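Input: a single structure, listed below in structure tokens.
As the structure lists them, so they are numbered: ligands from 1, and atoms in each ligand from 1. If you're wondering where the values come from, they're calculated on a predicted model, not measured in any experiment. Numbers here are sequence positions counted from 1.
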Amino acid sequence: MLHIAVFGSGKGSNFGAILEAMKVGKITGATIRLVLSNNSRAGILDIARVNDIPAVHVSERQFSDYGEFARGLLRILAEHGVNFIVLAGYMKKVPGEIVAAFRGRILNIHPALLPKFGGEGMYGMRVHEAVIAAGEKESGATVHRVEEEYDRGPIVAQRLVPVYPGDTPESLAARVLRIEHELYPEAIGMIAAGTLPTE
Ligand code: GRF
């Protein structure tokens, strides 16, 4: 059984899609134990509260130093019985201690076809601007396991979308986000069902 903590910083549409997939039985063998955000006003926390899922605001600024922050995060995850982490629009780096403690058991979704258009600074609209500037004919979404380095862990699932000549970063972002909402629940569902390895 996956006992999942979802980390996010923004509106939480991917989390919403995952929750919906659980409600309709497309994901079985998994529960959401906790939603955690570095941003106290993030929509993802509101979605959790409406669904009676524990929602916590945890920021590095609440701790005396980075080590305390990492240990605090580990403590919170243990208190909620978490054994798997899903990053859904989390804009902060996951501390190395967490990556080590949950080796292979942290997923992220990236709005491009990794290994292209990933790495530090490649987030939000910048990704889609870079894809269009490079003249790519295709983009997409990638679900991967999280390692210490940004966007570099093993790829779990990937889906393509076309890039059209008239695309703006916004129109491309919307097309990619729609397939993220399919791909992420599918990937989590396969891991929860044992079709893909947990780690
Ligand atoms: C998505 O585009 C995801 O790929 C990226 O951040 C965005 C999150 O959106 N990592 P939301 O908060 O799930 O709506």
Side-chain angles (χ1 to χ4, degrees), residues 4-23 26-27 30 32 34-51 53 55-59 84-95 98-99 106-132 136 138-163 167-189 191:
I4 299 173
V6 179
F7 288 20
S9 308
K11 60 187 191 311
S13 69
N14 275 289
F15 169 51
I18 293 163
L19 212 51
E20 185 58 28
M22 288 182 165
K23 285 181 188 167
K26 285 189 182 164
I27 299 175
I32 308 283
L34 173 71
V35 172
L36 186 147
S37 183
N38 59 299
N39 171 7
S40 62
R41 292 204 289 259
I44 195 168
L45 292 176
D46 296 328
I47 298 175
R49 290 187 192 108
V50 166
N51 286 279
I53 294 168
V56 293
H57 167 226
V58 184
S59 150
F84 199 88
I85 299 172
V86 167
L87 307 184
Y90 188 58
M91 302 302 276
K92 295 281 176 185
K93 196 163 188 157
V94 177
I98 311 279
V99 176
I106 309 178
L107 291 184
N108 182 42
I109 190 157
H110 185 78
L113 297 175
L114 292 177
K116 285 165 113 179
F117 306 106
E120 189 153 13
M122 269 295 177
Y123 58 85
M125 232 22 102
R126 292 190 200 184
V127 178
H128 308 293
E129 283 162 8
V131 169
I132 290 172
E136 296 288 321
E138 288 176 329
S139 189
T142 305
V143 176
H144 66 96
R145 298 189 199 261
V146 171
E147 295 286 350
E148 279 78 357
E149 221 186 320
Y150 273 113
D151 299 329
R152 278 285 170 259
I155 291 172
V156 169
Q158 207 160 44
R159 189 154 301 157
L160 275 61
V161 298
V163 179
D167 262 332
T168 60
E170 290 75 17
S171 65
L172 179 58
R175 191 175 309 122
V176 171
L177 190 61
R178 275 197 297 277
I179 58 146
E180 289 183 42
H181 294 164
E182 300 168 8
L183 187 67
Y184 218 0
E186 282 174 25
I188 294 165
I191 291 174

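E149 CD: 12 or fewer foreign heavy atoms inside a 6.0 Å radius. For K93, the NZ atom is densely surrounded, since the number of other residues' heavy atoms within 6.0 Å is greater than 12. Enclosure of atom CD in E170 by more than 12 non-hydrogen atoms of other residues, nucleotides or ligands within 6.0 angstrom is indicated.
Protein heavy atom closest to atom 13 (O) of ligand 1, with residue, atom name and distance, is N14 N, 2.8 Å. Nearest to atom 2 (O) of ligand 1 among the protein's heavy atoms is E180 OE2, 3.0 Å. At the shortest separation from atom 10 (N) of ligand 1 among protein heavy atoms lies I109 O, 3.2 Å. Counting only heavy atoms of the protein, atom 11 (P) of ligand 1 lies nearest to S13 N, 3.4 Å.
Side chain to side chain, S9 and N38 meet the donor-acceptor criterion of an N or O pair below 3.5 Å. A donor-acceptor pair shorter than 3.5 Å can be found between the side chains of S13 and H181.
Checked against a 3.5 angstrom limit, the closest N/O atoms of G10 and ligand 1 fall outside it.
The atoms of ligand 1 that sit less than 4.0 Å from any heavy atom of K11 are 12 (O), 14 (O).
Scored by the side chain to side chain contact (heavy atoms under 4.5 Å, CB included) test, D46 finds R49 as partners (sequence neighbours excluded).
The option from A17, G12, G89 that lies nearest to atom 6 (O) of ligand 1, judged by heavy atoms, is G89.
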